[in-house]
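Structure first, then comments.
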Amino acid sequence: MTTTPEAPPTGSLMTTLPGRFYTDPEIFRQEQERVFESLWFCAVRCADLDKPGAFRTVQIGRESVLITRSRSGELRAFLNICRHRGARLCTRESGEVRRALQCPYHAWTYDLDGKLVAAPNLSKMPDVDRSAYGLVKVALREWLGYAWVCLADEPPSFEESVIGAAVERLGDAASIESYGTERLALGKRVTYDVRANWKLIVENFMECYHCATIHPELTDVLPEFTDGFAAQYYVGHGASFGEEVSGFTVDGSAGFGRLPEVAEEQDRRYYAITIKPAVFVNLVPDHVILHRMFPLAADRTVVECDWLYAPEVVASGVDLAKSVELFHRVNEQDFEACERTQPAMASRAYRAGGVLVPTEHHIGLFHAWLTERLA
Ligand code: FES
Ligand SMILES: [Fe+2]
């Protein structure tokens with residue numbers, strides 16, 4: 001026989017979402033439509049597309065989106081679908097074309113601005129208006145050195161929904177701009193294939209109640225995290241490095257000096273920002289760590305994590321291992337916890353959900369945001 005709580009918790013405890021929100025394919029489909037296909041989604045690092053014709057394809061909600069650099073040097077985003085009979089245009093995740101994108105099915109060919117420029121026998125069909133059969137454009141904005149795309153017909157304000165998330169967390173936009181993220185170079189990228197619902201990863205990132213249990217290296221560097229209050233619990237708060245700690249590294253040894261515009265009061269501190277739905281930004285004095293999530297199924301999320309440093313640090317060939325290892329371990333510890341939680345979401349024990357303790361109550365705002373979007 002099973003027992004369920006008779007009344008919703010009050011006071012110290014708040015309810016979470018019910019378990020089916022993490023397992024139900026229909027809820028995931030609604031999230032694809034109303035979250036990932038409706039909001040700005042951080043798709044690719046601009047510098048990954050370093051020359052005209054370089055492309056990357058990403059899965060956003062139910063759509064494959066193709067991002068490429070045009071001959072004039074601008075980034076462009078299109079639905080990755082041929083306008084002839086709908087074949088997927090680029091089947092690889094990344095690559096480079098010389099001048100044009102050619103469909104592998106019947107060879108319709110588009111220039112890097114998406115215009116239909118050639119097709120077999122097209123000259124024998126003079127009535128066909130080529131301009132009407134270009135690739136379908138997707139809105140694109142660049143920020144922090146990343147291309148953010150939005151599939152909505154009328155994208156929400158980028159300033160409010162994306163930059164606003166950083167302002168809400170840090171108090172102002174200058175506090176994130178001072179890291180000059182768009183000028184940094186990629187030191188390391190690790191891709192994690194996580195067998196968990198994307199919301200478990202967001203919820204885990206927002207709280208630090210688990211830090212003392214699963215993050216020994218992180219709490220050595222940021223001792224205040226042992227109290228369970230995440231940096232995201234407060235506005236404008238960065239967690240302080242421990243007194244003996246020299247840098248944000250796996251053993252607390254020195255990092256690579258402060259980025260040039262990082263303010264005095266930001267030095268020796270760690271800031272974390274969640275940009276809903278699928279981006280985490282971590283700021284420390286000498287580097288930025290940026291996570292992009294690609295939710296692929298109710299129980300599967302690919303996370304691409306970039307470690308970004310001053311260009312001269314990366315160019316010098318200095319060993320980044322101790323610097324990268326700290327958050328790589330944090331990621332592995334976090335994702336293991338999420339994967340341990342995922343199967344339990346389908347249990348009858350979690351049918352009505354779980355509870356949030358006071359240091360986790362701000363996760364309730366994320367749940368409210370989500371249920372409002374799905375309503
Ligand atoms: S489907 Fe692309 S050319 Fe026919
Ligand atoms: Fe964590």
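All ligand and atom numbering here is 1-based and tracks the order in the structure. Basis for what follows: all heavy atoms, side chains included, without hydrogens, waters or symmetry-related copies.
Inclusion of H210 in the first shell of the Fe ion (ligand 2) is supported: an N, O or S atom falls under 2.8 Å. Residue E207: no N/O/S atom is found under 2.8 Å from the Fe ion (ligand 2). The Fe ion (ligand 2) has H215 among its coordinating residues (N/O/S atom, backbone or side chain, under 2.8 Å).
Remark: of the listed residues R292, K188, H287, R292 is the sole one forming a side chain to side chain donor-acceptor pair (under 3.5 Å) with D306.
Of all N, O or S atoms in D334, the one lying closest to the Fe ion (ligand 2) is OD1.
With sequence neighbours excluded, the residues that form a salt bridge (charged side-chain N to carboxylate O under 4.0 Å, His left out) with R183 are E261. Y350 is linked by a ring-ring contact (aromatic ring centres under 6.0 Å, His included) to nothing, counting only residues two or more places apart in sequence or in another chain. Scanning for ring-ring contact (aromatic ring centres under 6.0 Å, His included) contacts around H210 gives H215, with sequence neighbours left out.
Taking the six-membered ring where tryptophan is involved, the planes of H291 and F335 are perpendicular, since the angle between them exceeds 60° and thus also 30°. Using cut-offs of 30° and 60° on the angle between ring planes, the pair Y110 and W108 is tilted.
Only protein N, O or S atoms were considered, and those under 2.8 Å from atom 4 (Fe) of ligand 1 are H84 ND1, H106 ND1.
A salt bridge links K199 to E31: at least one charged side-chain nitrogen sits closer than 4.0 Å to a carboxylate oxygen.
Counting all heavy atoms, side chain and backbone alike, W148 lies closest to E142 at CD1-C, 4.5 Å.
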